[in-house]
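So the structure is just underneath, and the comments pick up after that.
Below, each value reflects all heavy atoms present in this structure, side chains not excepted, and no hydrogens, waters or symmetry copies. Whatever order the structure lists ligands and atoms in, that order sets their numbers, starting from 1. Just so you know, residue 1 is the first one in the sequence shown, and it goes up from there.
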Amino acid sequence: MFTDPSHDRRRSRRPFPRRPARLLSGIAAAALATALVPLATTGAADGSTASPERLLPYQDPSLPTQERVDDLLGRMTLAEKVGQMAQAERLDVAADPSLITTYGLGSVLSGGGSVPTPNTPGAWADMVDEFQQAALDTPLGIPLLYGVDSVHGHGNLQGATVFPHNIGLGATRDPQLLEKVGHITAMETRASGPQWTFAPCICVARDDRWGRTYESFGESPKLVRSLETVIDGLQGKPGHLGDNDRVLATAKHYAGDGLTAWDTGEGDYTLDQGIDQVSREEFDRVALSPYPDAVTKHHVGSVMPSFSSVDWTGDGLGNPVKMHASHELLTDVLKGQLGFDGFVISDWRAIHQIPGDYATQVETSVNAGVDMFMEPRTEGQTDWQDFVGTLTQLVEDGRVTQARIDDAVSRILTAKFELGLFEHPMTDRTHLGDIGSKAHRAVARRAVSESQVLLRNRRHTLPLKAKKQRVYVAGSNADSIGNQAGGWTLTWQGGSTNVVPGQTVLDGIRATARRKVTFSETASTPVPRHAAGVVVVGETPYAEGFGDVGGPQWGYDPGDNGVPRPAKTMQLSDADRAAVQKVCARTTSCTVLVVSGRPMILPASLRRQVDALVASWLPGSEGGGVADVLFGRRPFTGRLPVSWPRSVAQEPINVGDAGYDPLYPFGWGLRTR
Ligand code: GLC
């Protein structure tokens with residue numbers, strides 16, 4: 001239910017419209033007032049602070065965070081407070097960073113694929129530091145938070161270690177590994193500037209037709225909870241958020257993003273951003289249950305609500321409530337019952353889906369408990385500048401209380417203090433050289449190996465004998481690092497032609513079997529005698545609703561260059577199906593690897609020809625990890641994080657369902673050695 005699926009939202013910008021004079025006077029007045037009071041400077045450009053005797057309480061790192069927050073809050077005007085609650089996109093301020101100063105912006109983000117030129121670690125750090133300096137130039141010098149979707153490593157950054165997407169990490173069942181993945185992700189993110197990642201998605205994917213299934217650790221809330229150790233890796237232990245290898249994490253999307261109904265009776269056939277038509281009990285048991293641990297055990301610093309809605313079936317409400325508008329779930333449950341003391345960041349322009357005019361949307365979401373607003377500019381529509389003016393007016397009109405503003409701003413400031421941004425606002429580049437390092441890639445390679453799920457292994461086909469066997473490789477996803485990385489890699493949607501440093505699955509096979517490898521994507525070249533066949537099939541990249549198995553409106557897909565591609569189907573492409581048939585008919589053994597963001601449908605007629613079948617998921621940059629298990633350097637240990645259906649008609653299918661009869665059940669996985 002995108003507002004305009006045909007409109008690629010990451011690319012449009014609109015000129016700065018004239019703004020109400022009152023707002024600017026708000027900041028200007030603050031500047032004038034504080035200019036009359038000689039404030040201690042925040043110190044040298046490197047962020048080191050001035051001598052203690054000249055520090056104001058909020059500038060004094062020896063004081064408890066709450067004292068510093070209270071002191072700073074007491075010095076802030078309404079305009080400065082509202083500015084802290086606003087987040088712009090990089091493109092909105094890149095041409096004029098002084099907008100950050102003028103509006104006292106609390107945060108800037110990079111949307112998927114919104115990267116500096118050149119897309120290098122140094123350029124990222126320079127960009128973030130330039131925006132940071134603009135924030136420090138405000139009267140109170142409140143540092144900026146820079147957020148990015150490091151959802152499988154710092155995927156937007158060319159050269160970063162790109163880990164398997166969450167569905168593959170779910171197959172590892174390895175909480176300790178997840179903590180390492182989180183730590184490396186944090187190190188590579190923070191060293192390049194951003195101090196905040198919009199990750200992990202702790203969604204519970206219940207219908208594999210959902211385009212974000214691959215962002216989930218799996219269909220079981222218990223499995224998802226067990227892997228929230230990734231938050232510990234991202235943030236470090238309490239008190240370490242200020243370290244140069246940690247970032248603020250975001251538990252998302254709160255809650256029920258993966259529990260939406262395929263057909264709500266309106267004939268809409270959509271999943272992403274849809275409606276949870278479930279009982280309150282099921283919502284709590286499936287969608288909500290990952291959050292208590294994320295909040296109380298892993299101390300996640302921010303939470304992002306879901307675009308989706310809840311519609312308690314059987315409670316007679318009958319009208320779906322947007323998560324961004326739910327006071328009950330954002331304030332009573334999340335902040336009240338669960339005791340969440342971080343801040344709530346809205347999703348991308350999500351409040352525009354709330355009924356009513358813009359003022360009503362802002363009023364509803366602020367009062368529901370959203371604290372910071374991701375309001376990037378979009379052609380001809382309201383955005384962060386309108387947000388600031390609108391919220392200021394709502395407070396002046398009494399529709400939003402000062403207490404609510406102070407609560408939101410206190411939460412935001414607390415995160416900034418705990419990140420150490422007042423003492424060290426500029427990027428600490430100590431680990432810049434570790435980005436994409438051999439050591440990091442070795443961990444990613446291990447994650448790839450542990451994520452491989454051996455579904456079938458007739459006649460002990462696997463592991464292959466590298467030294468003795470010739471290997472014939474085919475299939476669309478054998479030699480495409482863009483396809484094996486999937487969405488949120490260099491660009492929002494990812495892309496088959498996207499290239500990051502690393503190894504494709506074929507590279508890994510070649511590095512092992514050396515001269516004995518023949519590759520033909522379409523299996524059109526002759527097959528050597530006695531060769532073992534490996535066909536790597538799967539999906540092309542996508543993100544969010546563009547990955548939904550298409551109902552009528554999901555025919556649109558931005559593709560690599562805006563040329564629409566057919567909607568997703570969970571079926572093998574004709575080319576892949578043909579490659580399997582050709583290879584399996586001519587080789588001594590036939591192994592099929594499925595490189596995809598979710599289970600794919602393998603008809604019985606095809607399966608009969610296949611000796612070994614592996615779910616490889618979206619391995620990311622280290623395709624060599626697939627070869628490690630294929631040739632027995634590492635054992636197969638992976639287990640299905642989602643049920644593998646016999647047909648799309650079985651969806652949604654989840655362990656525990658009545659009449660549960662998948663092709664391969666949740667938790668399935670053969671082991672070798
Ligand atoms: C997107 C996604 C969210 C992401 C945000 C910023 O709409 O729903 O997961 O963090 O925008 O890119």
If you apply the rule side chain to side chain donor-acceptor pair (under 3.5 Å), what do you find for Thr360 with Asp357, and how did you get there? CA-CA 5 Å; Thr360 303; Asp357 63 9; 2.6 Å; yes
At a non-hydrogen distance cut-off of under 4.0 Å, which region of Gln87 contacts ligand 1 (side chain, backbone, both, or neither)? neither
Just which atoms of ligand 1 are under 4.0 Å from any heavy atom in Phe198? 10 (O)
Between Asp149 and ligand 1, is there a nitrogen or oxygen pair with a distance under 3.5 Å? yes
Output all residues satisfying ring-ring contact (aromatic ring centres under 6.0 Å, His included) with Phe131, sequence neighbours left out; order by chain, then residue number. none
Could you check, using the six-membered ring where one of them is a Trp, whether Phe340 and Tyr254 have ring centers closer than 6.0 angstrom? no
Distance filter under 4.0 Å to His253 heavy atoms, resulting ligand 1 atoms: 3 (C), 8 (O), 9 (O)
Does some non-hydrogen atom of Trp492 fall short of 4.0 Å from ligand 1? no
Closer than 4.0 Å to some heavy atom of Trp348 - which atoms of ligand 1 meet that? 7 (O), 11 (O)
Using a strict 4.0 Å cut-off to heavy atoms of Phe307, name the atoms of ligand 1 that fall inside it. 7 (O), 8 (O)
Enumerate the residue pairs fulfilling salt bridge (Lys or Arg N to Asp or Glu O under 4.0 Å) with a member in residues 191-210, sequence neighbours excluded, ordered by first and then second residue. Asp207-Arg209
Short list, please: which atoms of ligand 1 are under 4.0 Å from a heavy atom of Lys252? 3 (C), 4 (C), 9 (O), 10 (O)
More than 12 non-hydrogen atoms from neighbouring residues, nucleotides or ligands closer than 6.0 Å to NZ on Lys335, yes or no? yes
Using distance alone, determine whether Ser110 and ligand 1 share an N or O pair under 3.5 Å. no
Quiz question: by atom type and distance under 3.5 Å, do the side chains of Gln353 and Gln361 form a donor-acceptor pair? no
Which of the atoms in ligand 1, numbered in the order shown and given with their element, are less than 4.0 Å from a heavy-atom of Met304? 3 (C), 10 (O)
Just checking, any donor-acceptor pair under 3.5 angstrom between side chains of Thr427 and Asp129? yes
